[in-house]
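Chain letters run A, B, ... following the sequence lines, proteins first, then strands; residues in each count from 1.
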Number of protein chains: 2
Amino acid sequence: MKQVGVVDIAREAGVSTATVSRVLNGAESVTGATREHVLEVVARLGYTPNAFAASLRKGRNDAIGIAVASISQPWHVKLIRELRRAIREQGFTTIVYDLEHSESVLIEHTESARRLRLAGMVLATGDRIDGDEVRAALDRMAGTVPLVVIGQELPGAGWTTVAFDDVAASEQAILELLGRRPKPVLFLGEAASSYLSEERRIGVERALSQFPDLLAGSELVALDAGMDFSVGYREVQARAGALARFGTIFCVNDELALGACRALSELGVRVPEDMMVIGYGDVDMLPYLTPSLSSLSGDVGGVAERVVRALLARIEGGHVDVGPKLQRKIVHRESTGG
Amino acid sequence: MKQVGVVDIAREAGVSTATVSRVLNGAESVTGATREHVLEVVARLGYTPNAFAASLRKGRNDAIGIAVASISQPWHVKLIRELRRAIREQGFTTIVYDLEHSESVLIEHTESARRLRLAGMVLATGDRIDGDEVRAALDRMAGTVPLVVIGQELPGAGWTTVAFDDVAASEQAILELLGRRPKPVLFLGEAASSYLSEERRIGVERALSQFPDLLAGSELVALDAGMDFSVGYREVQARAGALARFGTIFCVNDELALGACRALSELGVRVPEDMMVIGYGDVDMLPYLTPSLSSLSGDVGGVAERVVRALLARIEGGHVDVGPKLQRKIVHRESTGG
DNA sequence: CTGAAAGCGCTTACAG
DNA sequence: CTGAAAGCGCTTACAG
């Protein structure tokens, strides 16, 4: 069964394919009566234009890619929602890519973006993108697809960056928590593969360096095993005997913090009385946990807005000043004493 | 700056565009030397084929759509991962659609699927799809795009369904829990808009109907407000005075169960001593909550495998017997007494 | 306001 | 094993 095309519609409606195309693309010039008639035929024959033919002819694709490190992480899902909303307001469609924290998947997606001649691409990941292969793939993609990266700045990159000031956020949070309880900190971060962890660790160190004795007692862990609940759980369990020396567990994301809390509860360590716990991202579920979890929150809608503004500027061949890094704020809940 | 195309490669390599195409599509017939040379030129000029032109000419698209009710729900994300893996093994690419629990978004996506001439579509949602408009859009899509639906069966539908036997799962779970504690049940489900809730409610009723006095004391709630943490929390809070009469809170998903637990904890109701709580889906985080949450789990990988098998059969114009409904099993954790 | 015709960039019978 | 040429289904100058 052959699908119906413009020519079928044109023949049936007694007009040219040009007129059909004009009606379907909302051209002003078509007479009311003609328009009605064509639309009636389109509906009757159940015609849907072939997107490939249209894009090929137009020489452009109105889709913008949204690539996130992992759709398993609620923060990224929130970001996707906000970006979609902002992008659709500008008349573009979106296509979501899940990187699954994998370099090879990212590289594949850059190729897909090129093949599809995407109008633009947004990349949000805390994983490093400065490895040789990844960097080359991104540079290659950015050559034809305007790119905006969320979260990390690379020297000499051919794209725009929108980011939170995580160094400052971490520093300030640690100072505030040390004010509540001046004891060493256990920082659960990720190894060299994570740009975000690096930034956040630097902030923590910066704050602690004001108190050399506390810094000496602190432990800044660099994990290699991903960042989910199980890892937070395992790392705290592994330090069961040494927990008394810490006053705060500072986690590079909310999932780690959740896992850490579970381990503490099993070990009989009370939160926040014996240990404060805080995460990063301020995901929706945090108020509903027991204890409810404190976190460093950031304005996702604000990020989306900036990203889209920057992307549109790039698409139109210009640049735009995205302004200073965005600020985070600390949200206290039970896990830091409310 | 015009993008480079096959003709540029052909000219530079001193061959025809046909040969370039053959090399790029892995045809057997090309000589080793020619192949090497063409690939060298492709790499040197940084050529990426135009996906629109290729698909238009080939008359097909090797992409399969995966539409889920909401990517905010971890169970759906797990499903996406498994489906992607299974689909890619078959040589297709995937494209993810987030329905955001919205009928209009679903309808838009069916149109997108038609325009893109997708090779197939997988739809996973617990929301009803038998409303007039939605049903019409799905029928229309299924006319050209092979469709497999996960989770709900519709009479006379032109697609294949793969589903869990949720009626049986709920019935069995309730019977088991009544064995542990013969008290009335508070069921938190969704209103008429949810097919899944309906199935699960029926199972619960079926089990309770064996114990008329318990059925009389039970309450089967039909919520209208979505299914996230906040709803579970609010509904339990709203029944603060009446909780003593129930022995179990049975939730239609894990997020509701999490919210319910938080409310119970605030009200000083101990889980599981005073109240058992169980959810649906067995999401990854459950073991790390306090208390850890019991749930009805299902084999997501098994679903993905069946779906892909059914979809391939449809794509090739045939049908396939997907077999009986899949079984769930109850996973006991602290919230039901371990 | 409308139509005839060219052409977007590929792939694939067909011929050699 | 390779090339010349047709054609996938649209949209858009161009002409009327």
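- Distances shown here put every side-chain N or O of B/Thr19 at or beyond 4.0 Å from the OP1 or OP2 atom of D/dT2.
- The side chain of B/Arg22 sits closest to C/dC14 out of C/dC14, C/dG3, C/dT11.
- Ion pairing of B/Arg88 with A/Glu108 is present here, as a side-chain N (NZ or NE/NH1/NH2) and a carboxylate O approach within less than 4.0 Å.
- No salt bridge links A/Glu82 with A/Lys78; every basic N to acidic carboxylate O contact stays at or beyond 4.0 Å.
- For B/Ser21 and C/dT12, the shortest distance from a side-chain N or O to OP1 or OP2 is not below 4.0 Å.
- With P as the reference atom, D/dC1 and D/dA5 are 23 Å apart, rounded to whole Å.
- Side-chain contact between B/Leu123 and B/Leu138: present, with at least one pair of heavy atoms (C-beta onward) separated by less than 4.5 Å.
- When the nucleotides C/dC10, C/dT2, D/dC10 are ranked by their closest atom to the side chain of B/Tyr47, C/dC10 comes out on top.
- OP1 and OP2 of C/dC8 both lie 4.0 Å or more from every side-chain N or O belonging to B/Asn50.
- B/Leu326 is not listed as a side-chain neighbour of B/Asp299, based on a closest heavy-atom distance of 4.5 Å or more.
- A sub-4.0 Å separation between OP1 or OP2 of C/dT2 and a side-chain N or O of A/Thr34 is present.
- Using N1 to N3 plus N6-O4 or O6-N4 for Watson-Crick, or N1-O2 and O6-N3 for G-U wobble, each under 3.5 Å, C/dA4 pairs with nothing.
- Residue B/Val15 is classed as a sugar-phosphate contact, given heavy-atom separations below 4.0 Å to backbone atoms only.
- Not a single donor-acceptor pair, N or O on each side, falls under 3.5 Å between the base of D/dG9 and the side chain of B/Arg57.
- Relative to the side chain of B/Arg117, the nucleotides C/dC10, D/dT11, D/dC10 differ in distance, and D/dC10 lies closest.
- As the counterpart of C/dA13, no nucleotide is assigned, since no Watson-Crick or G-U wobble pattern has both distances under 3.5 Å.
- When each of C/dT11, C/dA5, D/dG9 is scored by its nearest atom to the side-chain atoms of A/Thr17, the top-ranked nucleotide is C/dA5.
- Side-chain proximity of A/Ser16 to the nucleotides C/dG9, C/dA4, D/dA4 is greatest for C/dA4.
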